[in-house]
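Below: the structure, in structure tokens.
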Amino acid sequence: MHGIINRALELMVIQKFGEEFWDKLKEEAGIRLNGEFLVTEFYSDESTYKLVVAATKLTGLKMEQILELYGEYFYEYSVEFGYFNLLRVLGKNPADFLMNLDTMHLALARVYPPLMPPLYTCEKLPNGDLTLYYFSKRANLEPIAVGLIRRTIKELFGISVEVTVIQKRADKGYCKLLIKTLNIDDTLHGDVDEDDMVFECLCPAKQPRMINPMTFTHVLPFHIIFDRDLRVQQCGLGLLRKVPHLLNKDIQLNQVARIVRPNILLNFEAIQEHMNSVFLVTITPTAGLSFRLNGQMIYLLDNDLMLYIGSPYVVDLSDLHMKGFQIADLSLHDAKRDFILAAETFEEERVLLKKLEDLTSAMQRASKELSREKAKTDRLLFDILPRPVAKELKLGKIVPPQRFESVTILFSGIVNFDKFTQHCDATHAGLEIVNLLNKVYKALDSLLDPTRNPEIYKVLLNNLFSSQNSCQLFHAVPKIETIHDNYLCVSGAPEPTLFHAKRAARLALDMMDSLDDIGMSGSAVKVRLTIRTLDISRSKSKL
């Protein structure tokens, strides 16, 4: 899939369900992606299908509903991506628009060579409805077309329509859609076509022919006129130079040509059924490289002949040269001249866009990584210090000294911890001690959840005692050799409370219960707990 498809899917999910849901969706689909999908990249079809399947699981919606939502959103994305001006000039009514939809897809496939857009053929019905034939190499994606067409006709023409799948062959990638208006006053065909009447006024039946075949072959150098037996009756000079034997009566057109788009065989009747399609035809000369023409088929009713007006299907100047063509081979009126020259500038812009997307993606990854590291730092800060103090220090503020008239200190230590460290196996002593302290600290830290024991804070100190009557707190980076097996908590500071002693006592009981499952020297860990109520003052602290 082209990156535009995946990027649109990403933006739709984020818009409708949020970024957290998008992250869950990628995880469910097993998609590992740094940053966002890039519109200049191509991704496997499998990854796109996985995302859709994951969306059905997480939302509870059916796959058809997800794809229709995507189709409706894709119109919005196309407008934001800069295609609105192109969409609004494809036709003056829904029928004309759908008849020219394939032309737009063919042009996009030329700009993005690996792109494989679906094929569309539109047919007007006598009752005012439309039949749309949909062909795709990817199966079961027609709900996207249903949502996209419904939304596009509503936005461009102000007409609400019902789009129904009336025939489907998933193995052939084909389905038939019926498009009907919901309002009886709306019309999908537009006004009555007056082209025939205008032609009769300008070209009366008795008027002599105004252009001879030789002039015609110069003006349209890549046209072909053939009969029902596929015998070429006339062709342009440009085509005749590439395939000199094309006018040979023993040669049938299907011997040197093959229709690539639409997906039909080269025969007169099949072409008549797809007159509204853009025809991409591969020509294989007896010598030299094969090449492609794209254009339209016109049925010549008076002579029962078919006229194909085409021009070389090339992407850029290098492609033109490789196929053996020159700019001079194209008629002066052929817009493809401008397209090929503009394609060179577009390629430079595409390369710049790719670099910009890569840079944007790298910045997004760096930003997310920075956010994760910042979150870790914040968690560590709030883990070490009481929340009110941590908030002020995070803002770069100086925390002024305070005195608390009455607080309760809870001091704990592991019983016989010194003996345990002395009798540890010398080979694994460090690891055993660290594992024990890690288990103990995790168990005790879990008790300091504000919902369980509010307004109690763990304190890490370098020096506890400053005098007999007070305790001076120094905020410092804790060191393993200083902390050892000691665990200190305070209640009543820095947020005063009348129940500090009660809360410290309840925490002490929880501490004893929480360490029952932790073993040391073959028995449960025992702690000694000291609780004391006193007044403390806090020194000036700075982050």
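We use all heavy atoms of the structure for the numbers below, so side chains are in, but hydrogens, waters and symmetry mates are not.
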Check ion pair Glu27-Lys24 (N to O, under 4.0 angstrom): no

Looking only at atom types and distance, does a side-chain atom of Glu10 sit under 3.5 Å from a main-chain N or O of Phe37, one as donor and one as acceptor? yes

Within the distance-only criterion (no hydrogens, no angle test), does the side chain of Tyr70 pair as donor or acceptor with the backbone N or O of Ile5 below 3.5 angstrom? yes

Atom CG in Asn267, atom CG in Leu230: separation rounded to 0.5 Å? 7.0 Å

Are more than 12 heavy atoms, taken from residues, nucleotides or ligands other than Lys323, located less than 6.0 Å from that residue's NZ atom? yes

Can we say Asp96 and Lys92 salt-bridge, meaning some charged N sits less than 4.0 Å from an Asp/Glu carboxylate O? yes

Check against side-chain hydrogen bond (donor to acceptor under 3.5 Å, both in side chains), Asn140 and Lys168: CA-CA 9 Å; Asn140 301 317; Lys168 176 180 176 180; 3.0 Å; yes

side-chain contact (heavy atoms from CB on, under 4.5 Å) between Lys62 and Thr56: does it pass, once the steps are laid out? CA-CA 6 Å; Lys62 295 180 180 179; Thr56 62; over 6 Å; no

List the steps and the verdict of side-chain hydrogen bond (donor to acceptor under 3.5 Å, both in side chains) for Gln252 and Asp229. CA-CA 7 Å; Gln252 287 183 295; Asp229 295 326; 6.0 Å; no

Hey, what do you get for CZ (Phe157) to CG (Leu188), rounding to the nearest 0.5 Å? 9.5 Å

So do Glu142 and Val165 actually touch side chain to side chain, heavy atoms under 4.5 Å? yes

Are side-chain heavy atoms of Val146 and Glu64 found at a separation under 4.5 Å? no

Are the aromatic rings of His223 and Phe216 close, with centres under 6.0 Å apart? yes

Rounded to the nearest 0.5 Å, what's the gap from CG on Leu25 to OG1 on Thr59? Could you check? 9.0 Å

Can a salt bridge be assigned to the pair Glu269 and Arg228 using a cut-off of 4.0 Å between side-chain N and carboxylate O? yes

Taking atom CE as the centre, does Met322 end up with more than 12 heavy-atom neighbours from other residues, nucleotides or ligands that are less than 6.0 angstrom away? yes

Say whether, by atom type as modelled, one donor and one acceptor occur between the side chain of His245 and the main chain of Leu240 under 3.5 angstrom. no

Once rounded to the nearest 0.5 Å, what's the spacing between atom CG of Leu141 and atom OG1 of Thr48? 9.0 Å

Measure the acute angle between the ring planes of Tyr133 and His274, then classify it against the limits of 30° and 60° as parallel, tilted or perpendicular. tilted

Under 3.5 Å, is there a donor-acceptor pair between the side chain of His218 and the main chain of Thr215? no

Pairing donors with acceptors under 3.5 angstrom, does anything connect the side chains of Asn263 and Tyr174? no

Interatomic distance, OH@Tyr308 vs CZ@Phe226, rounded to 0.5 Å, equals 9.5 Å

Using only atom types and a distance under 3.5 Å, with no angle test, would you say the side chain of Asn303 pairs donor to acceptor with the backbone of Leu305? no

Counting only heavy atoms not in Ile166, do more than 12 sit closer than 6.0 Å to its CD1 atom? yes

I'd like to know if Glu155 pairs up with Arg151 as an ion pair, taking the criterion as any Lys NZ or Arg NE/NH1/NH2 lying under 4.0 Å from an Asp or Glu carboxylate oxygen. yes

Mark yes when over 12 heavy atoms from residues, nucleotides or ligands other than Arg32 sit less than 6.0 Å from its CZ; otherwise mark no. no

Check: Asp186 side chain, Ile159 main-chain N or O, donor-acceptor pair, under 3.5 Å: no

Hey, does Arg258 have a side-chain heavy atom less than 4.5 Å from the side chain of Leu266? no

Under 3.5 Å: donor-acceptor pair, side chain of Thr377, backbone of Glu373: yes

Look at the side chain of Asn294 and the backbone N and O of Leu280, then say whether any donor-acceptor pair between them is shorter than 3.5 Å. no

In terms of side-chain heavy atoms, does Ser277 have a donor or acceptor partner in Thr121 at a distance below 3.5 Å? yes

Salt-bridge criterion met for Lys50 and Glu28 (N-O under 4.0 Å): no

For Ile184, is the CD1 atom crowded, meaning more than 12 foreign heavy atoms sit under 6.0 Å from it? no

Here the gap from Ile264 atom CD1 to Ile271 atom CD1, rounded to the nearest 0.5 Å, amounts to 5.5 Å

Relative to Phe291, does Lys242 satisfy both conditions: NZ or CZ under 6.0 angstrom from the six-membered ring centre, and within 45 degrees of the ring's axis? yes

